[in-house]
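Some notes on the structure that comes next.
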Amino acid sequence: MLRYILPTLCVFITWYLVGLFSGTSDYLSTWGFLLPTTWSALFIYFRSKGFIYHAALGYSIYLLMFLADELCFREAVLPRYGEGFLSFQFSYLLTSILCILSLNLTAALQGRIKSSYILIINSLIILLSIITPVSYITYSLELDAEITRDVVFAIMASNQQESLEFALIYLSPKSLLSGAILVSVLIGLLRLQMKEGSSRQIRPKLIIVQIAVLITLLSLQLRHFRLYGFIFSSVRMYYAEAGRFFETQRRYAQNASLIHSSKKEQGETCIVIIGESLTPAHMGLYGYHRDTTPLLQKHTEEDDLLIFTNAFASHTHTVESLCLALTEANLQNQLKFFDSPSLLHVLNHAGIKTTWLSNQWLRDDFANSISTIVMHADELTLLSNDQTNTTDKRGYDGVVIEPTIAQINQEGDENQVIFIHLQGSHWDYKDRYPEALNRFTETNDIAGLDQWNLLSDDVRNKVNHYDNSIAYNDFVISSIINALSESGGVSSLIYFSDHGEDVYGDLGHNSSQATFPMVEIPLIIWFSTDYKERYPAKVNTLAAHTDKLFCNDSIYNTVIGMLALETDRFDPKYDLSAPSYHLKKDDAYTLYGRKKYTTLLKEFKD
């Protein structure tokens, strides 16, 4: 009798402990009673067949799936109870049973092939079974956030180095140790099963049951395998959008009749600088208590710099943000970025030379939409990709200064637009500036700064590194402005960040934890004296709009407006330099329309 009671008690105790840990109430529902009862029966059955440890492995995998599902999909649209809950758990149950049967099948070969081979095969089966749920659980526990499609998109758009940096940042020693213990325990169960006895025959019934379970699994819809189906559908959607965007950009490049664009004036230079992970809350220029931007501050005193105080990003991730900033699509006109022409196409068709200088590592395939955009520049220089030092594939942003000056001083009277994509203040902050510029190092309390005083020493060090990266960014931007000013002629410069960064909250810019500092961005515009004389109305309008609410998805129209292009792919109501520009707070959204700007602002102030 005890051999029936003990497995049942173990199953129910672990079931309720995992349910309690996940914070869900599903395990208390009707199905929350029937599922552990089913597993108790399975334990008793497999024990009678001599596979008790394989049953424990299968149940462990099922619990990991259950925990991952509860932690990461609490807010999902899919139902949590009734038919929806049952279909999810049924798919996980069958997957676990299939794993048990696979382990039993290979164990039956013991004596026919080496035990070490059987252990390796079964270990691979276990590792392949747990890698997905463990990844979900680790993400949820380390970031205290649910995984979203945006997160999957960000991973797909990242390069290997960025992915490694992300893992090193958020994978704590505790998580690594827990993972190692989990794998050790599971492999230990495998070894115990192998010591259980002599080899068993491969019974036809076992193969038939395994085939039946596999057919049942294959007959279920992909959405029922939520842990796996969510990733699969997200990856499929990502590649579909990226592929469509690639074809759209190629079509606009090859067919001149799709865009009508021209410019009367000649000899103008415009520089568009794209910052990275920069929030104005850490810029002295915007009132920060540290003087992180002394050089830009001098330009404001010379009255040749406009500082815009209410700019925000359309998204907290780089690719999503720039796909709107650099295409005709924005959150107001409801156009899809993957069906829209890029700013480079409008400029190219107007006969304007386009140059792209990037210190960001870019992939050389269509799977990254930023790569798709920049490949249509007349000249493309990927400074980060050219780095040969394996310890630092990026280099500091100062590497853009010399090639930018060379482009500015090129002879000729043609119009040109130079795009500069910086590493800016992307994590790891301490790698974004030279050690010689390590200005901010203090970690002591500061009178009157409660927000700083509440931080741990670890976060204070991160803030110091972030502020140092901004001070270095100040040097890079100011150097480019100085070079542009010294060259003379009609020239302008616009600087904006792709998104902000929640440094004090130690949250980075993960969209699943979106906060106001993640979307608040700086917007700075500089004009030469000759530009002011040629376009006084535009300069006056921009000066009058410094307090206007502005989303960086309107950069496309604003650059076209500042250049005075005549094109059919332009809407002045999204052009900050046009008198008709206006964005109401009630119409201001971020995260591709899923979050209101005012909501994030209110949450931040509260």
Heavy-atom closest pair (C99 atom, I126 atom, distance to 0.1 Å) is SG-CD1, 4.1 Å
State yes or no: are the ring centers of F516 and F312 separated by less than 6.0 Å? no
I'd like to check N122 versus I125 (side-chain heavy atoms, cut-off strictly below 4.5 Å). Are they in contact? yes
Rounded to the nearest 0.5 Å, the CG atom of L42 sits from the CH2 atom of W39 at a distance of 5.5 Å
Search all heavy atoms of V319 against all heavy atoms of S369 and return the closest pair with its distance. CG1-CB, 4.2 Å
Using a 3.5 Å distance criterion without hydrogens, assess whether the side chain of D144 forms a donor-acceptor pair with backbone atoms of S140. no
Of the non-hydrogen atoms in L190 and L57, which two are nearest, and what is the gap between them? CD2-CD1, 3.4 Å
Rounded to the nearest 0.5 angstrom, the OG-CZ distance for S184 and R191 is 11.0 Å
Run the side-chain contact (heavy atoms from CB on, under 4.5 Å) check on M194 and S115 step by step: do they pass? CA-CA 8 Å; M194 292 178 67; S115 297; 3.5 Å; yes
Please report the interatomic distance NZ(K595) to CD(E603), rounded to the nearest 0.5 Å. 4.5 Å
To the nearest 0.5 Å, how far apart are CG in L186 and CG in L182? 4.5 Å
Assess, by modelled atom type and distance only, whether the side chains of Y429 and N468 contain a donor and an acceptor separated by less than 3.5 Å. no
Strictly under 6.0 Å, is that where the ring centroids of F43 and Y59 end up? yes
Looking only at side chains, do Y139 and S512 share a donor and an acceptor under 3.5 Å apart? yes
Closest non-hydrogen atom pair, T148 against S511: OG1-OG, 4.0 Å
Which distance, rounded to the nearest 0.5 Å, do you find between the CG of L322 and the NE2 of H421? 5.0 Å
Mark yes when over 12 heavy atoms from residues, nucleotides or ligands other than I131 sit less than 6.0 Å from its CD1; otherwise mark no. no
Any side-chain heavy-atom pair of I100 and F46 under 4.5 Å: yes
Hey, mind stepping through T443 and R460 against side chain to side chain donor-acceptor pair (under 3.5 Å) and telling me if it holds? CA-CA 6 Å; T443 56; R460 290 182 186 183; 5.7 Å; no
Aromatic centroids of Y466 and H282 separated by under 6.0 Å: yes
With a 6.0 Å cut-off on the ring centroids, do F337 and F245 count as close? yes
side-chain contact (heavy atoms from CB on, under 4.5 Å) test vs L455 passes for just one of V463, D506, V503, namely V463
Side chains of D502 and T515 only: does a donor on one sit below 3.5 Å from an acceptor on the other? yes
Check whether any side-chain N or O of Q193 sits under 3.5 Å from a backbone N or O of H54 as a donor-acceptor pair, and report yes or no. yes
Step through the shown structure and confirm whether more than 12 heavy atoms of other residues, nucleotides or ligands are within 6.0 Å of CZ on R594. yes
From the options H509, H426, H317, select the one residue that forms a ring pair (Phe, Tyr, Trp, His ring centres under 6.0 Å) with H499. H509
Do the ring centers of Y592 and H315 come within less than 6.0 Å of each other? yes
With a 6.0 Å cut-off (strictly less than), is the heavy-atom count around CG of N453, excluding the residue itself, greater than 12? yes
Testing the 3.5 Å rule here: is there a donor-acceptor pair between the side chains of S340 and T327? no
Can you tell me if D498 and S277 form a side-chain donor-acceptor pair at under 3.5 Å? no
Is it true that D397 and R432 have a side-chain N and a carboxylate O under 4.0 angstrom from each other? no
Check the pair D431 / Y396 against side-chain contact (heavy atoms from CB on, under 4.5 Å), numbers first and verdict last. CA-CA 8 Å; D431 293 334; Y396 302 124; 5.7 Å; no
Spatial distance of atom OG (S425) from atom CD1 (I470) [nearest 0.5 Å]: 5.0 Å
Quick test of your reading of the model: are E247 and R244 salt-bridged, counting only N-O distances below 4.0 Å? no
Do Y62 and L35 have side chains that approach each other closer than 4.5 Å (heavy atoms only, starting at C-beta)? yes
